[in-house]
Enquirer: 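One structure, as C-alpha cells, below. Some questions next.
Convention: sequence-line order gives letters A, B, ...; per-chain numbering from 1.
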Amino acid sequence: MKALLSMEGLTGGYGDADILLDVSLHVDADEIVAIVGPNGAGKSTAMKSVFGLLTIRGGKMLFDGDDITRWAPNRIVQRGICYVPQVDNIFREMSIHENLEMGGFLRKGDLSAAYERIYTLFPDLKERYRTPAGSLSGGQRQMVAMGRALMLDPKLLLLDEPTAGLSPKYMEQIFQICRDVRDTGVAILLVEQHAKQALAFADRGYVLAAGRNRHEGSGANLLADREVAEMFLGG
Amino acid sequence: MLELDQLVMDFGKFRAVNNCSFRVGEGSITGLIGPNGAGKTTLFNLIAGAFHPSSGSIRFLGEDVTGLASHQLFHKGLVRTFQIPHEFHKLTALENLMMVPPSQPGESLFSNWFAWRKVSSAERDVERQAYEALDFLELTHVAHEPAGNLSGGQKKLLELGRTMMTDAKLVLLDEPAAGVNRTLLRKLETKIEILNRDRGYTFILIEHDMEMIEKLCAPVICMAEGRVLIEGDFQTVRSNPQVLEAYLGETTGDVA
Amino acid sequence: QADVKIGLLGGVSGPIAAMAPAMVDAAQLAVQQVNEQGGIGDGEKLVGVLGDSACNPQNGTDAATKAVNIEGVSGIVGPHCSGAVLAAAGSVTIPAGIVMITPSGTSPEITGLDDKGTVFRTVPSDDYQGRALARTLKEQGYGKVAVAYLNNDYGTGLANAFKAEYADALGGEITQFAAHEEGKASYRSNLAELAKGGADTLVIFDYGDGTGLTILRQALENGFFEKFVGGDGMKSDAVINELGAENLVSFVASSPVGEKSESLDMFNEAFKGVGGDPDAIFATTSYDAAFLMALALEKAGGKKEGVAAAMLEVSNGTGEAIRPGEWKKAKELIAAGTAIDYKGAAGDHNFDANGDVPGTYALWEVGSSGYEVIMEMK
Amino acid sequence: MDLFELLNFYVIPGIVLGSIYALGAVGITLIFAILRYAHLAHGDLATFGAFVALACVTGVGVPPLAALPVAILVTAAVAVGIDKVFYEHLRERPKIVTVMASLGIALMLRSVVQVVWGVDTETYSRGIVRPEDYFGLRIRDRELYTVAALIFLVGGLQLFLTRSKWGKAMRAMSDNPNLALLSGIDNKKVVMLTWVIAGGLCAASGFFLGYNTEIKSMMGWHMLLPMFAAAILGGVGRVEGAVLGGLIVGIAEELSVLVIPSEYKAAMAFAILLFMLLVRPTGLLKGKVL
Amino acid sequence: MELLGLVNYALFTAIFIAIYALLALGLNIQWGFAGLFNAGIAGFFAVGAYTSAVLSTPADDGRLGGFDLHFVIGWIGAMLAAALVAWPIGKICLRFRSDYLAIASIGVAEIIRLVIKSEEVLTNGARGINGIPRPAGDIGYTESQIAYLVIVLAVLIVAYVLVERQFNAPWGRMMRAIRDNEHAAKAMGKDVEFRRLEAFIFGAALMGLGGALFAHFNRSITPEAIDPMVATFLVWIMLILGGSGNNRGAILGAAVVWIIWSVSEIATDRLPHEYAIQAKYIRLFLIGLMLQLVLRFRPEGLLPEPLRGDLRGSRRTTKSGADHT
Ligand SMILES: Nc1ncnc2c1ncn2[C@@H]1O[C@H](COP(=O)(O)OP(=O)(O)OP(=O)(O)O)[C@@H](O)[C@H]1O
Ligand SMILES: Nc1ncnc2c1ncn2[C@@H]1O[C@H](COP(=O)(O)OP(=O)(O)OP(=O)(O)O)[C@@H](O)[C@H]1O
Ligand SMILES: [Mg+2]
Ligand SMILES: [Mg+2]
C-alpha cells in the first residue's frame, strides 16, 4: 500500500546545525504511528519539518502523492494535515471558542456540529467557552489545542505530546479519541513520552535518538525489545 | 512547615481556589493531584507569592508570609518550578542555572567595579555547581545553547535544574514529569528522594503520573474544583470513589 | 585658478524647510551676480557650497565643519536658526577663525558671543524690530492688542521686545500674551483665549508659511479680531497665496528695508529675474549676507584671514554706496582703494562692534500686487 | 464664558482635530495589535496621502473630496508596497528592528514628498471658508465632512472586522503567527489587508488635516506623537478605543488652554496619557482586542 | 591644507561619535540589557546638558545660576541630575509594558523639552545657554579638537569598561534574565523592580553625561538640540544597527550611523548645482535607504549580541557544537 505521508532521508535543522540526520518514516492511511525517544532526540523537529518550519537540507517529503517539501504551511493545512505543536499551541488572547473557530478557519458552512463534538469530548471547555485560553490551566490548554485540531477534517493528524499535563482520565480519553478518529479514516502520527501506553495502542512505532532512526516496528515488538525498554521507556 | 488557612483565589467571577487549608510537614514529600483545572497550579502561585490570595493566609516556617513578593519568599527558602516552562530564552542553559544562586557578589555594581576578584571566584563555584546539575539532567551537550532553542522536555528539565542550584527548604514542583522521558524520570525520582533524605528538603509535587506519586509521596492531597477533596496516603486517595470518578477515570485506576 | 568658496548653511530639512529654499536661492543670486560681473579678485569664481543645518546644533555644527574643513570655504553665510548659529560658531567657526554671517539668527545671545569679531548678522536682533513695531502701532492708534508668538527664539525674542516697548514703555494695553508650539493642527482655542480681554488687534510673531498661517487663517475664518499685525516672519507670500489678498485687507506686517528702499527694488527685480519670490521670508537678509560676504572677501583679497576686518569696512556707513547687484562697481572701487558702504535690500547694515546691525523697518500691507509699503518705521 | 462659546471655540475644533487624530490612530492601533510594532512612518505616510490628493486636485482639477478616494487607494497601495519591500523580511526579527526600519521609511517618504512636491505650504482650495451657523453652532462644511468620514470609514472597518472572518484571522495572527499558519490562515494576506486598511486611513487623516488647514511636508511628523498617544490611550488593538482616544486627545488639547499656558498645549496629550496609564494601564477600553 | 582640513573633520566626527556612543551605551544598558524601551533619551540628554551648563557658566541674571564651577563638577552634576530625574520617572513608568513605556517616556521627554523651552527663569527659555566653557578650548582649532577628543575618548573608555564589566558579571546575566522572563526572575529571587530602576538610572546618567559633553563641545545648548529626531531616534538607530546587547556594537553603531548621516551630505553634493537643495532632501532618502540596507543584511545588528556564557564560554561553545551534531 502506498504511504499517506512519507519522509525520506530527511536532513535539516534550525540555522546551520543539523538536528535531523537522515530520518525516514512513513504513515499509512488508517494507522496510528507513535514516535518515542529521549528528550532532545528530534521528535518535535521531525514533526515541524512536515510544515517546513525549519531548514531542510536533504531528503524529501511526500503526502498523498504530492511532494510537499517546500510548500507553505497554510497550503499544507489545506491539503489535509493538521498539527498540534508541543508548545505554544493555543491562541492565548482569544477565547476558547475562538480558538476552535480558528481551527475551523478553512471550513465553510455550518460548524455547529463540529463545536458540539468538541464540547462533548471536553465538557470543561464548554462551561468556560468565553475564557481567554491564556488563563487556562496547563491541562485545559492541551484540551483546547486538541480541540482546535479536531475542528478540521484532516487526512492526517500530527500530535506532539497530546497527553502531557493531562490527568490520567483525560489521557485515556485522548488515546480513545485517537482510536476513534483513526477509525473514521484519519491517520495519526504522534509523539509521546507516555511511551508504554502509546506504543501499546499505536499500530507502529519509531524510536528516534540523537536525530536518527534507531528502531522501528509494530508497537508490541518495540515494547518487547529489551534495549528499547531500558534506554527509552524507563525500564 | 507550611500552613495554608482558608485560602481563596478569585479571577473575576471565577473562583479557582476555594477555601483551601492544609499543612505540609517538615521533611515530607507531599503529592498534589487533581483533575485539570482543579486549582493546583494556582495554589502554587499563591504559595510562591506570584498571586495575592483574595482571602486567607499562608504561614511558612511559623511566619505569616501572605502577600510577600516571590523574590522575598525565595530568600526565605522557597523555590518553585513552572508547569509551563519559564526559561530565560536568550540565556544559555548554563546561565539559566548560574543566575539562580541568591546574593551573588557580582550582582552589585560596586563589587563588579571594585572587587572583581571576589566576583570571579564566586563565579567559578557557581559554574561548577551548574555543570553538575546539567550533567545530572543529561543536558551538558546543550549547556551553551540558548535555552529558547531547547526541546520541550529539555526546558522542563532545566526548570527542575534551577531548584538544584540553591539551598531551598521547600521546593514546589509543578508537573516535573510531563514531557520528560521515562528513563530519565526514574533518575529524577531518585534524586528527589536523595535531596529529601540527605539534605532535608521538603517537597510539594504536582503530578499526573501516578507511578511517580506512588513511589515518592506521602501524604497525597487530591484537589477538585479549588477544594481539597481528600488527604491521605496514596492507597487511600486512589481508592476513593470521588477521586476515581473525577480524576483517574472509571475504567482504570492503574495507568502504569 | 582656484575657486573661492563660501558656505551657505541653511535649515533645508527640519522645521524651517519651507523657508530655506528661497533664502538659499537669494544667497545664490548674490553669488551669481558676483560671477557675472567679474568674480572675486582676478576673476576667480565664487562658489556657494550648500550645507544642511536642519535647524539643530547637531546638523549645524556638522555642516559647518564640512564646509570649513572639507570644502575649505572662506566664509559662511548662515546657519538659519539661532541654535545652530551658536553651536556652529562655538565649536567650529570661531576656533577656526572663519567669518560667519547669519541672515536669520535673531537671538540676542548671538550679540554676546565671544567671537573675536567673526560673527555677523544681517538680520537685526529681535529687540530692534519688536520695539519699532510697538512704537509704530502705538503711533498708528492701535489700542488693545493680544500677542501670539511662536515658542522659539525668534518668536519669544520679538514678543518680549514688543511687550517691553508697547506695554511697559508706551503704556499700551496688551490683553493677552501667549506662546504656542509649532505644528499643531488647530489653534482655535488659543485664539478664543487670546480674544478674551477685548483686544481688536492680534499681533502674531510667527512664520507666515508655517504655524502663523494656520493661526491667521483660523482667526479670519472664525471672526476673531479685526486687525492683524505680523513681524517680518509673517510677511510671506504664502499668506497671500493661500488666504487670498481679498481676505487680508486688515493685515499688516513689518519687515526690514534700507533707508531708501531703492535697494530693495533692485533686489526685487533681480530676484524675480531668476524666478525667485522677493517676498519670501528672510530672502533679503540672505541676499545681503551673501553679497556682504563677497564684498568682504574681495576687500580681503580672497583670503579668509582678513575677512572679519574687511566686513566692518565694507559696511560701516561711510564710503561710496553700493547697492544690490552692483558688484562691478564695488570691485572697481575696492581695487581703487576707495571706501565703500553696502546699502542692502534689508537695511543699510552698518555693523556695530558686536557684528549686529540696527534695523530699519517698514510696515507693509497687502495690495493688489503683493506687499506694499505703507510707511517707514523708526 | 457661555456654552456656545465653549462649544464653538473649544469643543467643536477639538472634535475635528480629534477626528483627524483618530483616523491615524486607528491605523496605528491595528498595526500595533496585529504586527506588533510601533509604525513610526505613519505620520509621513499621512503627509504622502495628503499630497497625492493635492496632485489630483491641482493636476486633474477634481474637487478635493473627490480626490480623497484616489489618495486612499494610492496610499494603501504604497503602504502594501513598503511592507513588501522593506518590512516583510524583518518579520521574524525582533520587532524593534522593524520599528527602526519604519523610522527610515519616514525619512524616505518625507524626502519623496519634498522632492516631488516641494516644501511650500499648499492648500486644496485657496481662500478662507467661514463657518455656517447651525442654531448657534458655528461649523464649517469641511468639518462636517471630516467627522462624517471618520464615522463612515471607521464604522465600515468595524463592521468588516467583526462580521468577516478576516477580523478574527488578524487577531489570530497577532496572537500566535505560527499557529495561525498552522490553522490555514494566509498570514501574508492578513498582513496585506492590515496595510491596506492602515494606509487608507492614513491618507484620510492626512487629507483632512490638509483640508482643514494647510498641507506641509512636515505636517505628518508633527501629528505622529499625538496619534500614538491616542492609540495607546484607547487601548492597543481597540478600534473604538483609538477613535475615543483621538477625540479625547483632540478635545483635551483644545480645552487645555483654558487651564494651562498655551505653550504647554502639546504636552496635554502626554499628560492625559501618563495619567491614564497610571490608573488604567490597559488603556480606556481594555487593550488587545480588535 | 587639504589634509589638515580632513584631519579637522575627522576629529570633529570622532568627537561626535564618541558623544553619541555614550548615549548609545546608556541606551544599551536600558534596552539591550534590561529590555526597557526608553524613547525619551532626549529628556535625559537635555537635563545633563543644561545642568552642566548652569553649573559651569558664569553668573547670569536672566536665569538660574551661572555658578562658574569647574567643568568636571558640571559633568558629575549632569550625571547626578539625569539620574535624579530618572528616578521618579522610572518609579512611575517602569511598570508599564514595553511599548507603553516607550510612549510614556517620549511624553516625559516632550514635557521636559517644553519646560526647558518655556521656563526662562530656569534655562533662559528658547534662547538657550551660551558661553559654556570648553575644556582646553583656548588653544588653536585643531589642538583644541584633539584635546577634547582625548577627553571624550577617556570618558567613553571608562564608561565602556565599567559597563562591559558589569554586563559580563552576574549583574548582566541577571538583567538579561529579567528581560527574558520577568516572572521566572522573580521566582528565582531577583528584585525585578529595583533592578530595572537601577539599570534605568544608570543608563540615564550616561545620557546626561553625553548631553553635558555635547554642550561643552559646542559651548552652547539650545532647545533645538533636544529635537526627538536627533537626540532620541538617531540614538535608537545607532544601537539597533550596531547590535543591541553588545557594547562594542553600540559604539560601532554610533560611528556607522553618524558617518552615514554626515557623509551622505558630501555624497549628495555631487548632484548638479541646480539640484543643490533637492540634494538635501535626497540625502534624507539616502539615509533612510542605507538604514534599510543595513537592516536587510545585518538584521541582528553589525555586532550581534554575543552569547555570554560563563567566563570561558566561547571556547566551549565550539566544542559542544561539535559533539552536539
Ligand atoms: N490568570 C487566570 N485568570 C483566570 N482564570 C485562571 C487564571 N489562572 C488559572 N485560572 C483558572 O483557574 C483554574 C485552575 O487553574 P490551575 O492552573 O490552578 O489548574 P491545575 O489544577 O494546575 O490544572 P492542570 O493540572 O491542568 O495544570 C482553571 O480553571 C483556570 O482556568
Ligand atoms: N528553535 C530551535 N533552534 C535551535 N535548536 C533547536 C530548536 N528547537 C529545538 N532545537 C534543538 O533540537 C534538538 C531536538 O529538539 P526537539 O524539540 O526535536 O526534541 P524532542 O525530541 O521533541 O524532545 P522532547 O521530548 O524534549 O520534546 C534539541 O537538542 C534542541 O536543542
Ligand atoms: Mg518535543
Ligand atoms: Mg497546573
Enquirer: Please round to the nearest 0.5 Å and tell me the distance separating atom CG of B:N112 and atom CD of E:Q166.
Expert: 7.0 Å

Enquirer: Taking all non-hydrogen atoms of both residues into account, name the closest pair between B:W116 and E:A169 and its distance.
Expert: CZ3-CB, 3.8 Å

Enquirer: What do you reckon, is CD of E:E193 surrounded by more than 12 foreign heavy atoms closer than 6.0 Å?
Expert: no

Enquirer: Hey, what's the ring geometry for E:F202 with B:W113, parallel, tilted or perpendicular (30° and 60° as the breaks)?
Expert: tilted

Enquirer: Taking atom CZ of E:R248 as the centre, does the number of heavy atoms from other residues, nucleotides or ligands within less than 6.0 Å exceed 12?
Expert: no

Enquirer: Is it true that a side-chain atom of E:K190 and a backbone atom of B:M99 form a donor plus acceptor pair closer than 3.5 Å?
Expert: yes

Enquirer: Are B:Q104 and E:M174 close enough that some pair of their side-chain heavy atoms sits under 4.5 Å apart?
Expert: no

Enquirer: Would you say E:R195 and B:H71 make side-chain contact, with heavy atoms under 4.5 Å?
Expert: no

Enquirer: Pick one of side chain, backbone, both or neither for B:P105, based on which atoms fall under 4.5 Å of a heavy atom in chain E.
Expert: neither

Enquirer: With a 4.5 angstrom heavy-atom cut-off, could you sort out which part of B:V100 is near chain E: side chain, backbone, both or neither?
Expert: both

Enquirer: Sort B:E107 into side chain, backbone, both or neither according to what part of it lies under 4.5 angstrom from a heavy atom of chain E.
Expert: both

Enquirer: Roughly how far, to the nearest 0.5 Å, is the CG atom of B:L73 from the NZ atom of E:K186?
Expert: 12.5 Å

Enquirer: With a 4.5 Å heavy-atom cut-off, do E:P170 and B:M98 have their side chains touching?
Expert: no

Enquirer: Please find the pair of heavy atoms, one from E:G189 and one from B:H75, that lie closest to each other, and give the distance.
Expert: O-NE2, 2.9 Å

Enquirer: Can you say whether B:Q72 sits under 4.5 Å from chain E via the side chain, the backbone, both, or neither, judging by heavy atoms?
Expert: neither

Enquirer: Using only atom types and a distance under 3.5 Å, with no angle test, would you say the side chain of E:D180 pairs donor to acceptor with the backbone of B:H89?
Expert: yes

Enquirer: Do E:M188 and B:M165 make a side-chain contact, defined as non-hydrogen atoms from C-beta onward lying under 4.5 Å apart?
Expert: no

